[in-house]
Structures are given as structure tokens and as C-alpha cells.
Amino acid sequence: VCRESLVAALVPDAQPCELVVARAEAGEPGSDDVIEHLIGATSPLAVDRHHHVDLHNQQWLKEVADGTPLVRVHRGRPALPGRNVMGAPLPARAGVTIDLARLLGRGTRLHADDPTLIVSTLAGAYARDAAGVVSVSSPVVIAGNLDHHCGDIETNLPVEIGGDVIAGFTLISAAQVTVAGAIEDARVVVTGDLTVGSGIMPGKQRLVVHGRLEARHITGRPVRAAAITVALSILDCEVIAGTDLVCGNLISSRVIAGHSVTCDSCGDAAEARTVVELGGDPFLAALAHEAAEDHKRGLVTVDNLRQRLALLQHRFQELMANSGPDEAGPLAEEIEEYEQRLATAQT
């Protein structure tokens with residue numbers, strides 16, 4: 001109650017006026033806690049200048065190291081209470097608080113010195129579900145096929161694929177990889193071991209494994225691995241094994257192995273011949289074979305260019321004799337181009 005207002009109101013000849021006889025103060029409501037995700041769960045699809053979406057390059061996989069900050073909560077401003085006309089406290093609405101512990105998934109924990117921060121407990125693949133719970137796991141697990149739903153994968157982590165590796169996609173891992181289904185004509189490079197539950201299908205993409213390769217069968221594919229074990233057949237393949245190759249049937253293939261080749265049968269009278277080379281460094285031998293093939297193709301190219309150049313020069317001489325330099329001018333430029341191409345091919 002305002003004492004000065006009461007005194008002014010009791011004056012006998014006071015004029016009508018507004019007087020404050022009581023005063024209260026409203027409280028200030030608090031603000032809500034805010035969650036900040038320090039790592040994006042997904043990235044936009046790659047779009048080229050023609051507005052075509054590249055479904056191979058979705059970049060959904062986010063790798064994090066041990067101790068990487070994942071989530072931070074910014075605490076809201078606390079509520080400031082007011083007072084009523086009697087001077088008693090008048091409570092204000094508090095902001096919404098967030099229990100950071102409910103966002104903890106596997107592979108995560110609260111920071112030891114900062115309870116407002118979630119960090120990873122291992123190196124792995126980061127994920128965030130619809131409820132905001134974050135997790136870090138290793139290996140990278142794909143329940144179905146490696147296709148447009150997940151895009152290409154290039155990771156330092158182990159990978160487990162529950163289906164097939166679809167043609168046209170890329171799988172690169174610096175660790176071991178397990179594929180439950182088959183590998184189609186996809187680019188596959190594995191630093192560790194590769195286990196394929198089904199087979200490796202025909203294609204032009206070379207399959208490279210720096211560790212051991214195990215598969216049910218391999219057909220029509222260039223394959224390189226430190227060691228290879230195939231339960232059934234290797235058919236119409238170019239195979240390089242750094243040490244040993246073990247398979248059921250070896251048919252119509254070219255094999256270079258550092259130590260040994262073990263198979264139930266080798267070649268087939270009804271098929272093309274099978275060539276096996278043992279000993280030495282198989283990868284250097286493969287390079288020598290590739291160089292020899294390149295040399296053969298180069299000789300054919302040079303011969304074709306020489307023949308084409310001879311025809312152009314003959315035609316040029318005819319035009320010069322019959323039509324003059326104006327008609328022969330464009331042909332002279334084409335001859336110069338082919339001379340440059342021939343020089344490059346010969347080199």
C-alpha cells in the first residue's frame with residue numbers, strides 16, 4: 001500500500017485525481033533449453049548443373065572419432081519471480097528443461113567435465129533417430145542392398161551389407177567388409193578382408209582386396225587379392241592372388257598366384273583354355289602383362305594412323321593438282337592433326 005497516496009486522498013479540499021494505492025510486479029518467465037546438434041545427420045543429395053540428382057553420392061555416412069562432440073544443450077534463462085500487492089513472491093513460468101541423458105544412445109556419453117555436452121565413446125558411424133537420440137556404432141551396417149537408398153560408401157570403418165552391392169555403385173573400406181548377397185558390376189576396394197556370401201558377378205569393374213577374399217563363386221570379373229578362397233568355380237576371370245588361390249573349379253581363366261593354386265579341376269575341354277602362372281611377384285607380373293597388351297594396342301593404333309595419314313596426303317596431292325590451294329587448305333589442317341596424333345601414339 002502506498003502511504004503517500006493515502007495521505008493525499010485524506011486532504012479535505014483535494015481535487016479528483018488518480019492515485020496509486022497498491023503496487024505489484026510481474027515476474028519474468030524463463031526461456032526454454034535449446035538442443036544444438038553439432039554433426040548433421042544427413043547431407044543434401046548431390047545435384048549437377050543440369051539439376052540431375054546423383055543418387056550414388058548421398059553422403060549420408062558421418063564418421064566420428066572417439067571423444068567427438070555430438071550434441072550440446074544451451075540452458076535457458078531462469079524465471080525471475082515478481083511480488084503481489086502484499087509484497088509476497090509472485091512465481092513466474094519456468095522454461096522447458098531438457099534431460100540430456102534421454103538423448104544418449106549406444107556409443108555415446110555425457111562429457112566428464114561438461115554435463116551439457118554429449119560425446120562419442122568410440123570411432124564409428126554417427127546416427128540420429130526421429131526422437132533425437134544419437135548413437136555411434138561400428139561396423140557400418142546396411143540392412144539391405146547397397147543401392148540408391150544409401151549411395152556410395154567410402155569409409156575407414158568395417159562394413160556389413162545384408163543384401164547385394166548393386167552395379168554402378170562404389171564400396172571402399174579401409175577395414176574388413178562382409179556382403180551377405182552378391183557383388184554386381186560395382187567398384188569395390190577393401191583394405192581388410194572381404195567375405196561374400198553369394199558370388200561375384202560379371203562386369204568390367206576390377207575388384208581389389210588387400211586382405212583375404214572369400215566368395216561362393218566368381219564369374220567374368222578381374223579380381224585382385226592377397227589370398228583367395230572360392231567354394232565353387234572361377235569362370236572366365238582374370239585373377240591375381242598375392243599368395244594362395246583355393247577354389248573348386250578353375251575354368252577359362254587366367255590366374256597369377258605368388259605361392260600356390262589348389263583346385264578340384266582346372267580347365268574344361270568345352271571351354272577356352274585356362275592359364276596359370278606361379279611364383280614371383282604376381283602384381284609385377286600382372287603389370288607386365290598389362291604393359292604387353294597396351295603395347296599391342298598401341299602398335300595397332302599407330303598402324304591405323306599411318307594408313308589414314310597416307311590416304312589424306314594422297315587426297316591432298318590430288319586436290320592441289322586439280323583444284324588448287326583453296327580447296328586443299330582444310331585437308332592440310334586435318335593432315336597436321338593426324339601427324340600430331342601419330343607422334344603421340346608412337347611415343
With a 4.5 Å cut-off on side-chain heavy atoms, are [Y] and [X] touching?
| X | Y | value |
| --- | --- | --- |
| Glu63 | Tyr126 | no |
| Val302 | Leu342 | yes |
| His37 | Ile35 | yes |
| Leu70 | Ser120 | yes |
| Leu309 | Arg306 | no |
| His148 | Phe169 | yes |
| Val73 | Leu117 | no |
| Arg315 | Met320 | no |

Distance (rounded to the nearest 0.5 Å) between [X] [atom1] and [Y] [atom2]:
| X | Y | atom1 | atom2 | answer |
| --- | --- | --- | --- | --- |
| Asp32 | Arg77 | CG | CZ | 10.0 Å |
| Ile240 | Ile256 | CD1 | CD1 | 5.0 Å |
| Leu305 | Arg308 | CG | CZ | 10.5 Å |
| Ser135 | Leu104 | OG | CG | 11.0 Å |
| Cys263 | Leu245 | SG | CG | 7.5 Å |
| Thr274 | Arg254 | OG1 | CZ | 11.0 Å |

With a cut-off of 3.5 Å and sequence neighbours excluded, list every side-chain donor-acceptor pair involving residues 232-239.
none

Taking [X] for the side chain and [Y] for the main chain, is one N or O donor matched with an acceptor at less than 3.5 Å?
| X | Y | result |
| --- | --- | --- |
| Thr68 | Asp66 | no |
| Ser252 | Arg273 | no |
| Thr344 | Gln340 | yes |
| Thr108 | Gly105 | yes |
| Asp303 | Leu299 | no |
| Asp33 | Gly76 | yes |

Which atom of [X] lies closest to which atom of [Y], heavy atoms considered:
| X | Y | answer |
| --- | --- | --- |
| Thr243 | Ala257 | O-CB, 4.0 Å |
| Ile142 | Cys150 | CD1-SG, 3.9 Å |
| Ala79 | Pro81 | O-CD, 3.7 Å |
| Ser138 | Gly124 | CB-CA, 4.3 Å |
| Leu103 | Ala131 | CD2-O, 4.0 Å |
| Asn249 | Ser265 | OD1-OG, 2.6 Å |

Less than 4.0 Å between a side-chain N and a carboxylate O, is that true for Asp152 and Arg187?
->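 Asp152 and Arg187: not salt-bridged.
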Hey, which of Leu194, Ile161, Thr155 is the one that makes side-chain contact (heavy atoms from CB on, under 4.5 Å) with Leu171?
->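 The residue from Leu194, Ile161, Thr155 that satisfies side-chain contact (heavy atoms from CB on, under 4.5 Å) with Leu171 turns out to be Ile161.
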Quiz: residues 196-225 side-chain donor-acceptor pairs under 3.5 angstrom, not counting sequence neighbours:
{"unit_1": "Arg206", "atom_1": "NH2", "unit_2": "Glu290", "atom_2": "OE2", "d": "3.2"}
{"unit_1": "Arg212", "atom_1": "NH1", "unit_2": "Thr229", "atom_2": "OG1", "d": "2.8"}
{"unit_1": "Arg221", "atom_1": "NE", "unit_2": "Gln205", "atom_2": "O", "d": "2.5"}
{"unit_1": "Arg221", "atom_1": "NH1", "unit_2": "Glu184", "atom_2": "O", "d": "3.1"}
{"unit_1": "Arg221", "atom_1": "NH1", "unit_2": "Met201", "atom_2": "O", "d": "2.9"}
{"unit_1": "Arg221", "atom_1": "NH2", "unit_2": "Glu184", "atom_2": "O", "d": "3.1"}
{"unit_1": "Arg221", "atom_1": "NH2", "unit_2": "Ala186", "atom_2": "O", "d": "2.8"}
{"unit_1": "Arg221", "atom_1": "NH2", "unit_2": "Gln205", "atom_2": "O", "d": "3.4"}
{"unit_1": "Arg224", "atom_1": "NH2", "unit_2": "Glu290", "atom_2": "OE2", "d": "2.5"}

Are [Y] and [X] connected into the same hydrophobic cluster when the rule is that any two of I, L, V, M, F, W, Y join if their side-chain heavy atoms are below 4.5 Å apart?
| X | Y | answer |
| --- | --- | --- |
| Val189 | Ile166 | no |
| Val133 | Leu122 | no |
| Val246 | Ile228 | no |
| Leu312 | Leu319 | yes |
| Ile39 | Ile118 | yes |

Derivation and outcome, side chain to side chain contact (heavy atoms under 4.5 Å, CB included), residues Glu337 and Glu333 = CA-CA 6 Å; Glu337 176 189 348; Glu333 296 178 358; over 6 Å; no
Qualifying residue, where the test is salt bridge (charged side-chain N to carboxylate O under 4.0 Å, His left out) with Asp114 and the options are Arg72, Arg109, Arg75 |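 Single salt bridge (charged side-chain N to carboxylate O under 4.0 Å, His left out) partner of Asp114 among Arg72, Arg109, Arg75: Arg72.
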Given side chain to side chain contact (heavy atoms under 4.5 Å, CB included), test Val159 with Thr178 step by step and report yes or no.
-> CA-CA 6 Å; Val159 179; Thr178 301; over 6 Å; no
Under the side chain to side chain contact (heavy atoms under 4.5 Å, CB included) criterion, do Leu250 and Val255 qualify, and how do the steps go?
-> CA-CA 9 Å; Leu250 185 58; Val255 176; 3.7 Å; yes
How about His149 and Asp147: does a side-chain donor come under 3.5 Å of a side-chain acceptor?
-> yes
Without placing hydrogens or testing angles, list every side-chain donor-acceptor pair under 3.5 Å for residues 82-98, not counting sequence neighbours.
{"unit_1": "Asn84", "atom_1": "OD1", "unit_2": "Met86", "atom_2": "N", "d": "3.0"}
{"unit_1": "Asn84", "atom_1": "OD1", "unit_2": "Gly87", "atom_2": "N", "d": "3.0"}
{"unit_1": "Asn84", "atom_1": "OD1", "unit_2": "Ala88", "atom_2": "N", "d": "2.7"}

